[in-house]
Amino acid sequence: MTISALADAGGVGVETVRFYQRRGLLDTPARGAGIRRYGAADLRRLRFIRSAQAAGFTLEGIAELLALDATHDRARVRSLATERIAALDARIAELQQARDALATLAQRCGHGGRGPCPILGAFDTQMGDA
């Protein structure tokens, strides 16, 4: 398949495929009759990259995962996954805290009387700290 067919099948744009090639995540096949041809293995790798990104891995982490695939180093892959889970848990806790604070402010804003809304006041205070 051509690069555009690969990109379409992988749910990305052609420039994304080229970006992954520049980063060394995808191989750049030699030109045959003036056109680069990609195969099923390229599509599998592209989908792997996209899935790993969706799981929150950085491109550097994805490169390490791809390298580890050849070594069958399950312990290191498990370690990377565990580290990623811990980072996601921390982010979830941070987002939950932000959600709870905003919910409290929204409730105060809905029950308030006159004067500025507590939500706007809270954001104004945070802007003054920056």
Side-chain angles (χ1 to χ4, degrees):
M1 69 186 100
T2 63
I3 192 169
S4 62
L6 175 69
D8 287 343
V12 300
V14 169
E15 286 306 313
T16 300
V17 172
R18 290 187 178 127
F19 175 75
Y20 292 156
Q21 289 172 329
R22 286 190 303 273
R23 295 295 302 261
L25 298 173
L26 281 174
D27 291 332
T28 303
R31 291 185 186 271
I35 297 175
R36 298 184 196 280
R37 295 289 177 184
Y38 297 84
D42 299 305
L43 180 57
R44 276 193 304 279
R45 182 167 263 215
L46 178 58
R47 287 179 175 162
F48 176 90
I49 293 166
R50 299 298 291 164
S51 294
Q53 280 185 311
F57 282 94
T58 64
L59 294 180
E60 292 78 18
I62 293 168
E64 185 173 359
L65 289 173
L66 289 168
L68 288 169
D69 185 41
T71 67
H72 303 290
D73 185 351
R74 287 179 156 205
R76 181 63 185 142
V77 173
R78 186 174 42 257
S79 174
L80 288 172
T82 302
E83 290 170 17
R84 191 66 213 128
I85 291 167
L88 288 170
D89 286 344
R91 182 70 177 133
I92 289 168
E94 182 181 298
L95 289 170
Q96 186 63 49
Q97 184 178 18
R99 183 196 181 286
D100 292 347
L102 188 56
T104 299
L105 289 170
Q107 185 177 20
R108 287 185 195 159
C109 187
H111 291 91
R114 300 171 76 62
C117 175
I119 295 172
L120 300 177
F123 291 159
D124 189 41
T125 301
Q126 290 178 358
M127 291 299 291
D129 294 342

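Position 1 is the first residue of the sequence; numbering continues from there.
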Flag the pair V12 / I49 as yes when at least one side-chain heavy-atom distance between them is below 4.5 Å, and no otherwise. no
Anything under 3.5 Å between a donor and an acceptor, one on a side chain of residues 86-102, the other on a protein residue two or more places apart or in another chain? List them.
residue: R91; atom: NH1; partner: E94; partner atom: OE2; Å: 2.4
residue: Q96; atom: NE2; partner: D100; partner atom: OD1; Å: 2.8

Tell me, please, which residues at least two apart from [X] pass side chain to side chain donor-acceptor pair (under 3.5 Å).
X: T2; value: S4
X: R44; value: none
X: Q53; value: Y20, R50
X: R47; value: none

Are I85 and V77 connected, step by step, through hydrophobic side chains (Ile, Leu, Val, Met, Phe, Trp, Tyr) whose heavy atoms are closer than 4.5 Å? no
Looking at L46 and G10, what are the two nearest heavy atoms and their distance? CD2-CA, 3.7 Å
I need the minimum non-hydrogen distance between A7 and V14, along with the two atoms involved. CB-N, 3.7 Å
Would you sort out whether M1 and D42 count as a side-chain contact (heavy atoms from CB on, under 4.5 Å), showing the intermediate values? CA-CA 10 Å; M1 69 186 100; D42 299 305; over 6 Å; no
Provide the full list of salt bridge (charged side-chain N to carboxylate O under 4.0 Å, His left out) pairs with a residue in residues 1-11, sequence neighbours left out, each pair given once. none
Quick one: side chains of residues 30-38, donor-acceptor pairs under 3.5 Å with protein atoms, not counting sequence neighbours, listed by atom name and distance.
residue: R31; atom: NH1; partner: G34; partner atom: O; Å: 3.2
residue: R36; atom: NH1; partner: P29; partner atom: O; Å: 2.6
residue: Y38; atom: OH; partner: Q21; partner atom: NE2; Å: 2.7

Could you give the distance from CG (L80) to CD1 (I62), rounded to the nearest 0.5 Å? 11.5 Å
Within this structure, what is the CZ-CG distance for the pair R45 and D27, rounded to the nearest 0.5 Å? 6.0 Å
Quick note, side-chain hydrogen bond (donor to acceptor under 3.5 Å, both in side chains) partners involving residues 63-78, not counting sequence neighbours, are E64-R76, R76-S79
